[in-house]
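Along the sequence shown, residues are numbered consecutively beginning with 1.
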Amino acid sequence: MTAVVEDRILGVRITPMGRRRLANFRGNRRAFYALWIFLGLFGVSLFAEFVANEKPIVVYYDGAFYAPVFNAYPETTFGGEFATEADYSDPVVASLIAAKGWMIHPLIPYNHRTVAWDLRDPAPSSPDAEHWLGTDDQARDVTARLIYGFRISVLFGFTLTVVSAVVGIAAGAIQGYFGGWIDLTFQRFMEIWSGLPILYLLIILASVVEPNFWWLLGLMLLFSWMGFVGVVRAEFLKVRNFDYVRAARALGVSNPMIMIRHILPNAVVATLTFLPFTLSGAVTTLTALDFLGVGLPPGSASLGEILAQGKANLQAPWLGLTGFFAIGVMLSLLIFIGEGVRDAFDPRRAMAADDEAPAPARGVASEAGAGAGGG
């Protein structure tokens with residue numbers, strides 16, 4: 001028996017088919033570089049508190065280390081007079097710390113809520129060496145708000161995409177596997193549910209209850225899961241009467257086990273190609289709600305809020321341009337990644353790659369596949 005050649009990435013076993021798909025994705029240079037650029041930007045935003053923050057990362061004072069990023073320290077800790085949290089931008093506090101130690105500030109000494117009181121021009125002020133992208137109409141640093149807004153947008157999109165995929169795959173699997181009146185009832189419900197005006201409902205509900213991250217996530221989840229149902233339902237309808245499924249059923253394997261172990265892997269492959277596009281749609285929806293003023297609570301870092309400020313302050317074009325290019329770059333990267341994933345999972349491209357491969361390489365791949373089947 002020929003041994004099956006296997007690779008492992010982060011401890012996960014990669015089959016020959018998985019290696020071929022990874023090779024196809026790497027071959028799409030635009031998608032490959034877009035993935036690394038997006039991961040780099042997202043990685044920076046995940047550590048936004050260490051990049052843009054009014055609090056120092058580390059303070060060394062009188063022989064002891066302090067981490068203001070994680071903990072709040074009163075001014076009395078550093079020899080001050082007030083028991084309230086220290087304001088590290090205050091020259092008095094800074095001089096007290098400098099007398100017995102030192103502190104390391106982030107690259108951008110502002111967070112998304114910090115108000116710059118020492119602007120040379122009235123807010124919104126134009127970009128300069130202190131504020132790289134200028135300030136908004138409330139004298140807050142636009143660069144800091146962009147970093148925090150990028151993070152919350154991507155996290156919101158990731159969370160909504162994952163939960164929607166789980167719900168949509170489960171609903172599609174139940175419909176396709178059991179069929180009959182269950183499938184018919186679900187389909188009629190989805191036709192009615194998908195006909196509701198989603199944006200209007202979100203605006204109406206936002207006017208009744210003050211929205212927040214989890215509230216918006218729950219409201220959008222009510223509708224976003226339906227995008228995954230169709231492809232999963234079709235896969236289950238096609239496979240449920242195959243011989244290996246009938247054999248498993250005849251051997252007494254339970255329906256949930258058949259669905260999870262024998263049919264679901266085929267359906268998941270099809271849904272993976274939709275994930276980047278669903279993520280970009282979720283980010284766009286959150287941006288639109290924030291732009292309309294019915295999204296995240298006032299004061300939250302948001303790309304849509306930056307766009308709204310650009311619309312309200314036409315004399316400050318840097319606000320609108322910053323929001324436009326940030327959203328444009330983010331969505332372009334996600335679309336490029338989605339196209340790469342779609343092409344990597346396309347069986348026609350995989351067959352074309354096999355046809356273009358040298359004869360010895362195809363023989364090795366065929367031999368490995370035969371070994372996998374024999375094992």
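- The main-chain N or O of Gln175 is never found under 3.5 Å from a side-chain atom of Arg233 such that the two would form a donor-acceptor pair.
- No side-chain heavy atom of Val167 sits under 4.5 Å from any side-chain heavy atom of Phe228.
- Here Phe50 and Phe70 bring their ring centres to under 6.0 angstrom of each other.
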Distance-only criterion, 3.5 Å: show the donor-acceptor pairs between side-chain atoms of residues 54-63 and protein atoms not counting sequence neighbours.
residue	atom	partner	partner atom	Å
Glu54	OE1	Thr114	OG1	3.2
Lys55	NZ	Glu85	OE2	2.8
Tyr61	OH	Phe78	O	3.3

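- Ring centroid separation for the pair His131 and Tyr110 comes in under the 6.0 Å cut-off.
- Residues Asn24 and Asp343 fail the side-chain proximity criterion, which asks for heavy atoms closer than 4.5 Å.
- Criterion: ILVMFWY side-chain heavy atoms under 4.5 Å apart, direct or through other members. Under it, Trp102 and Val92 are not part of a common hydrophobic cluster.
- In terms of modelled atom types and a separation under 3.5 Å, the side chain of Asp87 and the main chain of Ser89 share a donor-acceptor contact.
- Contact annotation: the side chain of Asp137 never approaches that of Leu319 to less than 4.5 Å [non-hydrogen atoms, C-beta and beyond].
- In this structure a side-chain-to-backbone donor-acceptor pair under 3.5 Å is missing from Thr135 to Arg140.
- For Arg249, the CZ atom is densely surrounded, since the number of other residues' heavy atoms within 6.0 Å is greater than 12.
- The hydrophobic cluster containing Ile335 does not contain Leu275, counting ILVMFWY residues as joined when their side-chain heavy atoms lie under 4.5 angstrom apart, directly or transitively.
- The local environment of CG in Asn241 is crowded, with over 12 non-hydrogen atoms from other residues, nucleotides or ligands closer than 6.0 Å.
- Among the candidates Val232, Asp183, Ile258, the single residue satisfying the side-chain contact (heavy atoms from CB on, under 4.5 Å) test with Tyr177 is Ile258.
- A 4.5 Å side-chain heavy-atom check between Leu303 and Met330 finds at least one atom pair inside the cut-off.
- Without hydrogens or angle criteria, Thr77 side chain to Pro74 main chain gives a donor-acceptor distance under 3.5 Å.
- If you chain together hydrophobic residues whose side chains sit under 4.5 Å apart, Tyr148 and Phe47 never meet in one group.
- With hydrogens and angles ignored, the 3.5 Å screen pairs no side-chain donor or acceptor of Ser300 with any backbone N or O of Leu296.
- Two residues are said to be in side-chain contact when any heavy atoms from C-beta on lie closer than 4.5 Å; Phe336 and Pro276 fail this criterion.
- Between the side chain of Asn53 and the backbone N or O of Glu49 there is at least one donor-acceptor pair closer than 3.5 Å.
- Between Phe150 and Phe42 the shortest side-chain heavy-atom distance falls below 4.5 Å.
- Within 6.0 Å of the CZ atom in Arg120, the count of heavy atoms belonging to other residues, nucleotides or ligands does not exceed 12.
- Taking the six-membered ring for Trp and thresholds of 30 and 60 degrees, Phe242 and Tyr244 have ring planes more than 60 degrees apart, a perpendicular arrangement.
- In the hydrophobic clustering of ILVMFWY residues, with side-chain heavy atoms under 4.5 Å counting as a link, Leu39 and Val283 come out together.
- Considering only heavy atoms from C-beta on, Val115 stays 4.5 Å or farther from Gln138 through its side chain.
- Remark: of the listed residues Glu305, His112, Gln309, Glu305 is the sole one forming a side-chain hydrogen bond (donor to acceptor under 3.5 Å, both in side chains) with Arg145.
- Residue pairs meeting the side chain to side chain donor-acceptor pair (under 3.5 Å) criterion with at least one partner in residues 218-229, sequence neighbours excluded, are Ser164-Ser224.
- The local environment of CZ in Phe324 is sparse, with at most 12 non-hydrogen atoms from other residues, nucleotides or ligands closer than 6.0 Å.
- Between Val341 and Phe25, some side-chain heavy-atom pair lies under the 4.5 Å cut-off.
- Using modelled atom types, one finds no donor on one side chain facing an acceptor on the other under 3.5 Å when comparing Tyr66 with Asn71.
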_Go through it in stages, so that I can follow the logic: the residues are Phe178 and Met259, the test is side-chain contact (heavy atoms from CB on, under 4.5 Å), and I'd like the CA-CA distance, side-chain angles, deciding distance and then a yes or no._
CA-CA 10 Å; Phe178 293 103; Met259 296 168 64; 4.2 Å; yes

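- Using a cut-off of 4.0 Å between Lys/Arg side-chain N and Asp/Glu carboxylate O, Glu235 and Arg240 are scored as not salt-bridged.
- Taking a 6.0 Å sphere around CZ of Phe65, one finds it holds more than 12 heavy atoms contributed by other residues, nucleotides or ligands.
- Shown here is Glu81, whose CD atom has no more than 12 heavy atoms of other residues, nucleotides or ligands within 6.0 Å.
- Aromatic ring centroids of Tyr88 and Tyr73 lie 6.0 Å or more apart.
- Between the side chain of Asn212 and the backbone N or O of Trp215, at least one donor-acceptor pair lies under 3.5 Å.
- Criterion: ILVMFWY side-chain heavy atoms under 4.5 Å apart, direct or through other members. Under it, Val166 and Leu222 are not part of a common hydrophobic cluster.
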_Verdict with supporting geometry, Asp136 and Ile306, side-chain contact (heavy atoms from CB on, under 4.5 Å)_ = CA-CA 8 Å; Asp136 61 10; Ile306 295 177; over 6 Å; no

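- Distance alone, capped at 3.5 Å, is enough to place a donor-acceptor pair between the Thr185 side chain and the Trp181 backbone.
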